[in-house]
Protein chains: 2
Amino acid sequence: MALDHAILVSLLEKPGSGYELARRFERSIGYFWTATHQQIYRVLGRMVADGLLLVREVEQQGRPDKKEYSVAGPGRAALAAWLHKPIEPESLRHDLAVKIRGAAFDDPAALIDEVERHRQAHRDRLAHYLAGELRDFTGPDAPAPQDAGQELQHVVLRGGIAYERMTIAWLDDVLATLHRLEAAGPGA
Amino acid sequence: MALDHAILVSLLEKPGSGYELARRFERSIGYFWTATHQQIYRVLGRMVADGLLLVREVEQQGRPDKKEYSVAGPGRAALAAWLHKPIEPESLRHDLAVKIRGAAFDDPAALIDEVERHRQAHRDRLAHYLAGELRDFTGPDAPAPQDAGQELQHVVLRGGIAYERMTIAWLDDVLATLHRLEAAGPGA
DNA sequence: TCCTTCTATGCAACTCGTTGCATAGACAAG
DNA sequence: CTTGTCTATGCAACGAGTTGCATAGAAGGA
């Protein structure tokens, strides 16, 4: 249950509501983990019941009240325990790769539009990451690196950037292959 | 339910038993999709019930009998339908990245061993992929590329190779960052 | 003979994750 | 004053995926 741990990390970086967490999971944390708001609310409830988190009702002006969550002592201990326990290297789940191999039993050229769409999505994500890097780490207005947290956030972001660049290059390779197969003749 | 489609592709490439599929999912198909044997058996049963697959009892010598599955007409149609339907670009689930950000609230240097272990696992996987590429595609004994299926399998494998290379380089970056933080002094 | 390993299949229980739906306060535009 | 959008929270149902357990044939070694 790594979502628990992702929530603990995010709340240690900054306490917030379920709604705010859901938005973070679309952004920075979402570089390497995704979660819907329903899932987040459910897990938050369970973690409070288990004593890992604290809740505080916060009245707001101009918007509905919210519940602000923060990490309790046992939550921090649970995170530390997880950090010291080895985990398995993750394995990929890449639908598009399944499609590419499946295309051998259909029309490979019909996949070109789909692959180009994915390529564009990865280009957009890369641009978004690079803008975030400039804003938070390498740009003129970025805060000077002072604490370990910032260094670590940056190296994770660099991982996201490297992943997107690699994926775009691979999709170019895929497109070249599909075009070659198309030129060689459908049904060859 | 992309496991269904991964199974259809694998069985179109070559019919086989649940056990054989489980082993393929630890190898070639497993480059981009994973599944345990329990999940595979369950899905196979459902797909036969839905008329997507055919089963055939096969008696064997020197080992227990098996059930060989192959793709039925409706299965092929279902795969074609999925191939023509756009899918969402996938998002990552990277536990190690969560740990790296979480290390800011613990001892970053304590993560070094774990990261090195992952790096080694990725080096092993890369070596395995490269050996497979040499054997099946680029080596002197590899069959000449004749059909689209081989080209497509190769481009997917190249994706796996690119992913492992990128990951190893990133983990080197992570290790350098962790060492730098360690040198800067614990608790800085 | 017993133990282990490999092949081969499967059930049951559980947790994780997704989808659809529902509610509600605050504000802005038409 | 209705509609739409953004903030904010949540339930219910379902499907996907994991974990633990169980069985059994065949082979080889201690």
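This is a predicted model, so every value here is computed, not measured.
Under a 4.5 Å side-chain heavy-atom criterion applied to ILVMFWY residues, the cluster that includes B/V58 comprises that residue alone. The hydrophobic cluster containing A/L134, built from Ile/Leu/Val/Met/Phe/Trp/Tyr side-chain heavy atoms closer than 4.5 Å, comprises no other residue.
Both A/A35 and B/Y69 sit near DNA chain C, but only B/Y69 has its closest nucleotide nearer the 5' end. Toward the 5′ end of DNA chain C lies the nearest nucleotide of B/R63, the other residue of the pair B/R63 and A/R63 mapping further downstream.
Contact between A/P64 and A/Q60 at its shortest, heavy atoms only, is O-NE2, 2.7 Å. When all heavy atoms are compared, the tightest approach of A/V71 to A/L53 is CA-CD2, 3.9 Å.
Close placement of the B/W170 and B/H94 rings is indicated, their centers lying within 6.0 Å of each other.
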Can you give the donor-acceptor pairs under 3.5 Å from side chains of residues 15-25 of chain A to other protein atoms, not counting sequence neighbours?
{"unit_1": "A/S17", "atom_1": "OG", "unit_2": "A/Y19", "atom_2": "N", "d": "3.4"}
{"unit_1": "A/S17", "atom_1": "OG", "unit_2": "A/E20", "atom_2": "N", "d": "3.1"}
{"unit_1": "A/E20", "atom_1": "OE1", "unit_2": "A/S17", "atom_2": "N", "d": "2.9"}
{"unit_1": "A/E20", "atom_1": "OE2", "unit_2": "A/K66", "atom_2": "NZ", "d": "2.8"}
{"unit_1": "A/R24", "atom_1": "NH1", "unit_2": "A/S10", "atom_2": "O", "d": "2.8"}
{"unit_1": "A/R24", "atom_1": "NH1", "unit_2": "A/S10", "atom_2": "OG", "d": "3.0"}
{"unit_1": "A/R24", "atom_1": "NH1", "unit_2": "A/K14", "atom_2": "O", "d": "2.8"}
{"unit_1": "A/R24", "atom_1": "NH2", "unit_2": "A/K14", "atom_2": "O", "d": "2.8"}
{"unit_1": "A/R24", "atom_1": "NH2", "unit_2": "A/P15", "atom_2": "O", "d": "3.3"}

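One interatomic measurement links the two molecules: CD of A/E88 to P of D/dG17, which rounds to 19 Å at whole-angstrom precision. Remark: P of D/dG17 and CZ of B/F25 are 11 Å apart, rounded to the nearest angstrom. Rounded to whole angstrom, the span from the CZ atom of B/R93 across to the P atom of D/dA16 amounts to 15 Å. The CD1 atom of B/I40 sits 13 Å away from the C1' atom of D/dT18 (whole-angstrom rounding). Per the geometry, CD belonging to A/E26 stands 13 Å off C1' belonging to D/dT7, to the nearest Å. A straight line from NE2 of B/H37 to P of D/dG17 spans 16 Å, rounded to a whole angstrom.
Applying the 4.0 Å criterion to OP1 and OP2 of D/dG17, one finds that B/R42 has every side-chain N and O outside that range. Look at B/Q39 and you'll find a side-chain N or O under 4.0 angstrom from OP1 or OP2 of D/dT18.
Taking the 5' to 3' direction, DNA chain C first and last meets chain B under 4.0 angstrom from a heavy atom at C/dT7 to C/dT18.
Looking at residues 50-61 of chain A, you'll see that no heavy atom sits under 4.0 Å from any atom of DNA chain C.
Counted by atom type alone, B/D106 and A/H84 present one or more donor-acceptor pairs between their side chains at under 3.5 Å.
Applying the side-chain hydrogen bond (donor to acceptor under 3.5 Å, both in side chains) rule to pairs touching residues 69-83 of chain A yields nothing, sequence neighbours excluded.
Atom CZ of B/R158 is surrounded by more than 12 heavy atoms from other residues, nucleotides or ligands within 6.0 Å.
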